[in-house]
Amino acid sequence: MVELVNVVGSGSFDREFDLSVVAEDLGSLAEFDEEKYPGMYVRLSEDSPLATIYRTGKFIVTGADSIDELYDVREELVDVLTGPGIILEDDLEWFSVQNLVCTTVLSSDLKLNALAIGLGLEQTEYEPEQFPGLIYRNPDFECVALIFSTGKAVITGSSDLEEAEAVASFLEEKLSRLQLN
DNA sequence: ACCTGCACTAAATAGCGCTCGTTACACT
DNA sequence: AGTGTAACGAGCGCTATTTAGTGCAGGT
């Protein structure tokens with residue numbers, strides 16, 4: 001059982017933007033400081049995910065806590081940009097999920113040194129002085145897991161939830177066989 | 001000229017170090 | 001009572017991971 005906590009998506013509009021002008025049109029919804037970063041931030045409401053729009057027409061959305069919310073933000077963004085005539089409704093070329101961040105609880109307390117050996121040293125990184133979590137990369141999966149001594153884990157890097165769930169199941173099965181807690 | 005790394009954003013995880021505020025105690 | 005110092009807790013920022021995007025600096 002994994003819990004989705006952050007979804008990142010990206011897309012592209014079929015036009016380029018003068019971000020200074022767009023930022024002015026969007027008023028308080030937009031934040032643009034060219035000196036600091038080349039992208040313009042757009043937050044549609046106080047707690048909503050953040051959209052970052054670039055001069056080239058490409059954009060990313062970060063901070064959604066579900067895939068549905070990510071697509072809702074995409075719709076709202078299109079509406080907000082269509083309103084003042086910044087884009088036309090069919091200017092959206094494509095949009096897709098790029099990255100999911102999930103959390104899960106694998107077990108109770110874990111001995112990470114033993115786990116690193118059990119999972120295979122070539123697939124793990126564990127340097128507690130540097131970072132308290134064990135980093136696990138399995139070439140059979142596209143995502144990466146951060147495993148902590150509390151038994152909690154973060155799974156990131158996949159673009160679909162089934163992949164993250166598969167990694168969690170794999171790790172749970174490994175742990176039950178290794179009996180490290 | 002080309003490649004790499006960094007600037008930034010979101011989110012969870014946990015441990016360490018630092019700063020800041022509050023409280024307690026000693027001394028004048 | 002007022003002031004100075006010490007101790008402690010809370011809160012924050014950093015460490016690491018991932019991903020998209022652009023632009024600039026620096027190195028090869």
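Chain letters run A, B, ... following the sequence lines, proteins first, then strands; residues in each count from 1. As the structure is a computational prediction, the values presented were derived from the model and not from experiment.
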Next on the checklist: Closest-nucleotide mapping onto DNA chain B: is A:K152 or A:V101 further toward the 5' terminus? I mean the 5' end.
Outcome noted: A:V101
Checklist entry - Do other residues, nucleotides or ligands put more than 12 heavy atoms under 6.0 Å from the CD atom of A:E69? => result yes
Item to check | Within 6.0 Å of CD in A:E89, more than 12 heavy atoms from elsewhere | outcome: no
Next on the checklist: Nearest to the A:I60 side chain among C:dG21, C:dT22, C:dT18, which nucleotide is it?
Outcome noted: C:dG21
Item to check | Connected via hydrophobic side-chain network under 4.5 Å: A:I60 and A:V22 | outcome: no
Item to check | A:Y136 OH to C:dA16 C1', straight-line distance once rounded to whole Å | outcome: 18 Å
Checklist outcome for this item: Between A:T56 and A:P132, the residue closer to the 5' end of DNA chain C by nearest nucleotide is A:P132
Checklist entry - Counting just side-chain N and O atoms, does A:R43 come under 4.0 Å of either OP1 or OP2 of B:dT9? => result no
Checklist entry - Would you say A:V2 and A:F170 are hydrophobically clustered, going by side-chain heavy atoms of ILVMFWY under 4.5 Å? => result yes
Checklist entry - A:F95 CZ to C:dT19 C1': how many Å, rounded? => result 12 Å
Next on the checklist: What contact category does A:S10 fall into here, base, sugar-phosphate, or nothing, at under 4.0 angstrom with non-hydrogen atoms?
Outcome noted: sugar-phosphate
Item to check | Plane angle bin for A:F59 and A:F13 - parallel if under 30°, tilted between 30 and 60°, otherwise perpendicular | outcome: parallel
Checklist entry - According to a strict under-4.0 Å criterion, is A:S149 in side-chain N/O contact with OP1 or OP2 of B:dG15? => result yes
Next on the checklist: Under a 3.5 Å cutoff, is there a donor and acceptor pairing between the side chains of A:S159 and A:Q98?
Outcome noted: no
Next on the checklist: Under 4.0 Å, heavy atoms only, any strand: does A:T103 hit a base, just the sugar-phosphate, or nothing?
Outcome noted: sugar-phosphate
Checklist entry - Can you tell me how far P of B:dA11 sits from CG of A:D47, to the nearest Å? => result 10 Å
Checklist entry - So does A:E93 have more than 12 non-hydrogen atoms from other groups sitting under 6.0 Å from CD? => result yes
Next on the checklist: OP1 or OP2 of C:dA16 versus the side-chain N and O atoms of A:Q130: is any pair under 4.0 Å?
Outcome noted: yes
Next on the checklist: Tell me the closest heavy-atom pair linking A:I155 and A:A164, and the distance in Å.
Outcome noted: CD1-O, 3.7 Å
Item to check | side chain to side chain contact (heavy atoms under 4.5 Å, CB included), paired with A:L115, selected from A:L106, A:I147, A:T124 | outcome: A:I147
Checklist entry - In residues 12-26 of chain A, which residues come under 4.0 Å of DNA chain B by heavy atom? => result none
Checklist entry - Any chance CD of A:E24 has more than 12 other-residue heavy atoms, nucleotides or ligands included, within less than 6.0 Å? => result no
Next on the checklist: Test question: given the 4.5 Å side-chain rule for I, L, V, M, F, W and Y, name all other residues clustered with A:V8, or answer none.
Outcome noted: none
Checklist outcome for this item: Taken to the nearest whole Å, OH/A:Y54 to P/C:dC24 is 14 Å
Checklist outcome for this item: Winner on side-chain proximity to A:N99, out of C:dT22, C:dT19, B:dA14, is C:dT19
Next on the checklist: Under 3.5 Å, is there any donor-acceptor pair linking the side chain of A:T156 to the base of C:dT17?
Outcome noted: no
Item to check | Verdict with reasoning, A:V42 to A:L44, per side chain to side chain contact (heavy atoms under 4.5 Å, CB included) | outcome: CA-CA 6 Å; A:V42 177; A:L44 299 162; 4.1 Å; yes
Checklist entry - Looking at A:R137, does any N or O in its side chain come under 4.0 Å of the phosphate oxygens OP1/OP2 on C:dT18? => result yes
Checklist entry - If the sugar-phosphate is the primed atoms plus P, OP1 and OP2 and the base is the rest, what is the B/S/- string for nucleotides 2-7 of chain B, using protein heavy atoms under 4.0 Å? => result -----B
Item to check | Which nucleotide in C:dG21, B:dA14, B:dT13 has an atom nearest any side-chain atom of A:T150 | outcome: B:dA14
Checklist entry - Reckon A:V8 touches a base, only the sugar-phosphate, or nothing at all at heavy-atom distances under 4.0 Å? => result base
Next on the checklist: Mind checking if A:L50 touches a base, just sugar-phosphate, or nothing, with heavy atoms under 4.0 Å?
Outcome noted: sugar-phosphate
Checklist entry - Given atom CG of A:D65 and atom P of B:dA12, what is their separation to the nearest angstrom? => result 9 Å
Next on the checklist: Distance check needed: C:dA20 P versus A:R55 CZ, whole Å only.
Outcome noted: 19 Å
Checklist entry - Going by ring centres under 5.5 Å and near-parallel planes (under 30°), is A:F131 stacked on C:dA16? => result yes
Item to check | d(CG, A:L110; P, B:dA14) in whole Å | outcome: 11 Å
Checklist entry - According to a strict under-4.0 Å criterion, is A:T52 in side-chain N/O contact with OP1 or OP2 of B:dT9? => result no
Checklist entry - When we call it a touch if two heavy atoms are under 4.0 Å apart, what does A:V154 touch: a base, just sugar-phosphate, or nothing? => result base
Item to check | Members besides A:F148 in its Ile/Leu/Val/Met/Phe/Trp/Tyr cluster (side-chain heavy atoms under 4.5 Å) | outcome: A:V5, A:V101, A:F131, A:I135, A:V144, A:L146, A:V154
Next on the checklist: Using a strict heavy-atom distance below 4.0 Å, which residues from residues 67-75 of chain A are in contact with DNA chain C?
Outcome noted: none
Checklist outcome for this item: To the nearest angstrom, the CG-C1' distance between A:N6 and C:dA20 comes to 12 Å
Next on the checklist: Going by side chain to side chain donor-acceptor pair (under 3.5 Å), name the pairs with one or both residues in residues 33-47 of chain A, residues two or more places apart or in two chains.
Outcome noted: A:Y37-A:Y54
